[in-house]
Amino acid sequence: MSQMPPNGVKNPLLELQDVMFVGSGKELLARTNLTLGSGGRTVIMGPNGAGKSLLMRLAHGLLQPSQGRIVAGGNGSAFPRQAMVFQRPVLLRRSTIANVTHALALNGVPRRLRRPLAEQSLERFGLANHSHRPARTLSGGEQQRLALARAWAIEPGILFLDEPSAALDPAATKAVEDAVNAFHANGTKIVMTTHDLGQARRLADDVVFMCCGRVMEHTAAARFFEAPATAAAATFLRGELVLDVPAPGCSTQ
């Protein structure tokens with residue numbers, strides 16, 4: 001299914017072209033064309049099993065598509081530096097600061113700059129006093145802030161966030177949302193999944209709605225929340241069950 005970007009995308013950053021993914025003999029992501037523009041906060045929504053996390057993992061390069069390709073937007077453009085933050089942070093069995101310096105090393109930052117940049121990033125996310133503590137002994141909220149600090153340090157062009165506050169209390173959730181807005185203000189493209197409609201309304205500039213492994217809508221956030229174009233999206237926004245029906249697409253009948 002081909003989806004037109006909301007109001008056109010003047011500065012495409014990343015494009016999925018006829019991308020499909022098949023796993024265990026089952027089509028998990030139908031043919032998808034999707035353009036992510038530079039800047040802005042794109043929120044991917046849909047019921048469980050819709051393919052949201054799969055779409056982000058493909059876009060981030062953690063998985064290779066079974067068909068199609070993912071390209072940098074614009075003629076001759078290079079892929080932007082990317083980072084991804086998961087619902088459960090993936091942390092090394094190292095100190096808090098070593099988790100950040102390792103990410104900087106992987107991204108080619110000279111050794112002499114890694115520690116000062118890591119210290120600045122930990123300070124930015126309120127973790128300076130935990131710099132020598134084993135990262136995996138931090139609380140859940142602190143671990144998520146460390147994942148964000150690690151991403152902040154490398155100054156990504158795109159930040160993917162997969163349900164980053166799903167397991168957090170309200171204070172930690174607010175810290176994540178503040179961080180998302182800080183990345184956005186710093187020029188980073190945000191691509192994020194969430195089941196929290198309130199969070200999506202607060203953060204989204206545009207919404208990608210998925211169902212049954214298909215992108216059903218890609219539109220401006222205000223339009224999506226006020227007048228969704230598909231029955232599946234309208235059902236989802238009402239908090240009702242969206243039936244997982246095979247092709248030609250999701251249905252609520």
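Atom set for the values below is all heavy atoms of this structure, side chains included, hydrogens, waters and symmetry mates excluded.
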Enquirer: Please report the C-alpha distance between Lys52 and His195 in whole Å, then the side-chain angles of each, then the deciding distance to 0.1 Å, and finally whether the side-chain contact (heavy atoms from CB on, under 4.5 Å) criterion is met.
Expert: CA-CA 11 Å; Lys52 304 181 297 296; His195 281 106; 3.6 Å; yes
Enquirer: Counting neighbours of CD on Glu27 that are heavy atoms of other residues, nucleotides or ligands and sit closer than 6.0 Å, is the number greater than 12?
Expert: yes
Enquirer: Please round to the nearest 0.5 Å and tell me the distance separating atom CG of Leu13 and atom OG1 of Thr188.
Expert: 10.0 Å
Enquirer: Output, in order, the C-alpha distance, side-chain angles, deciding distance and verdict of side-chain hydrogen bond (donor to acceptor under 3.5 Å, both in side chains) for Thr235 and Glu240.
Expert: CA-CA 5 Å; Thr235 301; Glu240 299 173 5; 4.8 Å; no
Enquirer: So, the side chain of Ser121 versus the backbone of Leu117: is there a donor-acceptor pair under 3.5 Å, distance only?
Expert: no
Enquirer: Can you find a side-chain donor-acceptor pair between Arg150 and Asn99 that sits under 3.5 Å?
Expert: yes
Enquirer: CD/Gln82 to CE/Met84 distance, rounded to the nearest 0.5 angstrom?
Expert: 10.0 Å
Enquirer: Under a 4.5 Å cut-off applied to non-hydrogen side-chain atoms, are Thr193 and Val43 in contact?
Expert: no
Enquirer: As an exercise, state the distance from CG of Leu203 to CG of Asn181, rounded to the nearest 0.5 Å.
Expert: 5.5 Å
Enquirer: Can you get from Phe86 to Leu161 by hopping between Ile, Leu, Val, Met, Phe, Trp and Tyr side chains that sit under 4.5 Å apart?
Expert: no
Enquirer: Tell me which one of Val207, Thr230, Val208 satisfies side-chain contact (heavy atoms from CB on, under 4.5 Å) with Glu217.
Expert: Thr230
Enquirer: Which atom pair, heavy atoms only, marks the closest approach of Ala175 to Arg145?
Expert: CB-CD, 4.5 Å
Enquirer: Please round to the nearest 0.5 Å and tell me the distance separating atom OG1 of Thr194 and atom CZ of Arg202.
Expert: 8.5 Å
Enquirer: What about Trp152 and Val176, same hydrophobic cluster or not, with Ile/Leu/Val/Met/Phe/Trp/Tyr joined at side-chain heavy-atom distances under 4.5 Å?
Expert: yes
Enquirer: If you take all heavy atoms of Ala153 and Val100, which pair is closest and at what distance?
Expert: CB-CG1, 3.7 Å
Enquirer: Hey, does the side chain of Arg81 reach the backbone of Ile154 with a donor-acceptor pair shorter than 3.5 angstrom?
Expert: yes
Enquirer: Among the clusters formed by ILVMFWY side chains lying less than 4.5 Å apart, do Phe183 and Leu36 turn up in the same one?
Expert: no
Enquirer: Does the Glu15 side chain pair with the main chain of Val71, one donor and one acceptor, at a distance under 3.5 Å?
Expert: no
Enquirer: Testing the basics here: between Arg133 and Thr137, what is the closest heavy-atom pair and its distance to 0.1 Å?
Expert: NH2-O, 2.7 Å
Enquirer: Could you see if Ile97 belongs to whatever hydrophobic cluster contains Leu146? Use Ile, Leu, Val, Met, Phe, Trp, Tyr and a side-chain cutoff under 4.5 Å.
Expert: yes
Enquirer: Using atom types as modelled and distance alone, determine if a side-chain donor or acceptor of Asp162 lies under 3.5 Å from a backbone N or O of Gln87.
Expert: no
Enquirer: Could you walk me through whether Leu159 and Val191 satisfy the side-chain contact (heavy atoms from CB on, under 4.5 Å) test, starting with their C-alpha distance in whole Å, then the side-chain angles of each, then the deciding distance to 0.1 Å, before giving a yes or no?
Expert: CA-CA 6 Å; Leu159 175 62; Val191 182; over 6 Å; no
Enquirer: Work out which heavy atom in Ile70 is nearest to a heavy atom in Phe79; give both atom names and the distance.
Expert: O-CZ, 3.2 Å
Enquirer: Return yes if some donor-acceptor pair links the side-chain N/O of Asn186 with the main-chain N/O of Ala182 below 3.5 Å, else return no.
Expert: no
Enquirer: May I ask you to check whether over 12 heavy atoms, not counting those of Arg88, lie within 6.0 Å of atom CZ?
Expert: no
Enquirer: For residues Leu148 and Ala179, report the shortest heavy-atom separation together with the two atoms involved.
Expert: CD1-CB, 3.8 Å
Enquirer: I need the single residue from Ser139, Ser165, Pro89 that forms a side-chain contact (heavy atoms from CB on, under 4.5 Å) with Gln144. Which is it?
Expert: Pro89
Enquirer: Indicate, with yes or no, if Leu122 and Leu92 share a hydrophobic cluster defined by side-chain heavy-atom contacts under 4.5 Å among Ile, Leu, Val, Met, Phe, Trp and Tyr.
Expert: no
Enquirer: Sub-3.5 Å donor-acceptor pair from the side chain of Arg114 to the main-chain atoms of Val109, do we have one?
Expert: yes
Enquirer: Any donor-acceptor pair under 3.5 Å linking the side chain of Asp205 with the backbone of Gly40?
Expert: no
Enquirer: Looking only at heavy atoms, what is the nearest atom pair of Gly141 and Ala172, with distance?
Expert: CA-CB, 4.2 Å
Enquirer: When rounded to the nearest 0.5 angstrom, what is the spacing between CG in Leu168 and CD in Glu163?
Expert: 11.0 Å
Enquirer: How long is the gap from CD on Gln17 to CZ on Arg69, to the nearest 0.5 Å?
Expert: 4.5 Å
Enquirer: So with a 6.0 Å cut-off around CZ of Arg136, is the heavy-atom count from everything else above 12?
Expert: yes
Enquirer: Parallel, tilted or perpendicular: which fits the ring planes of Phe160 and His60, with parallel below 30° and perpendicular above 60°?
Expert: tilted
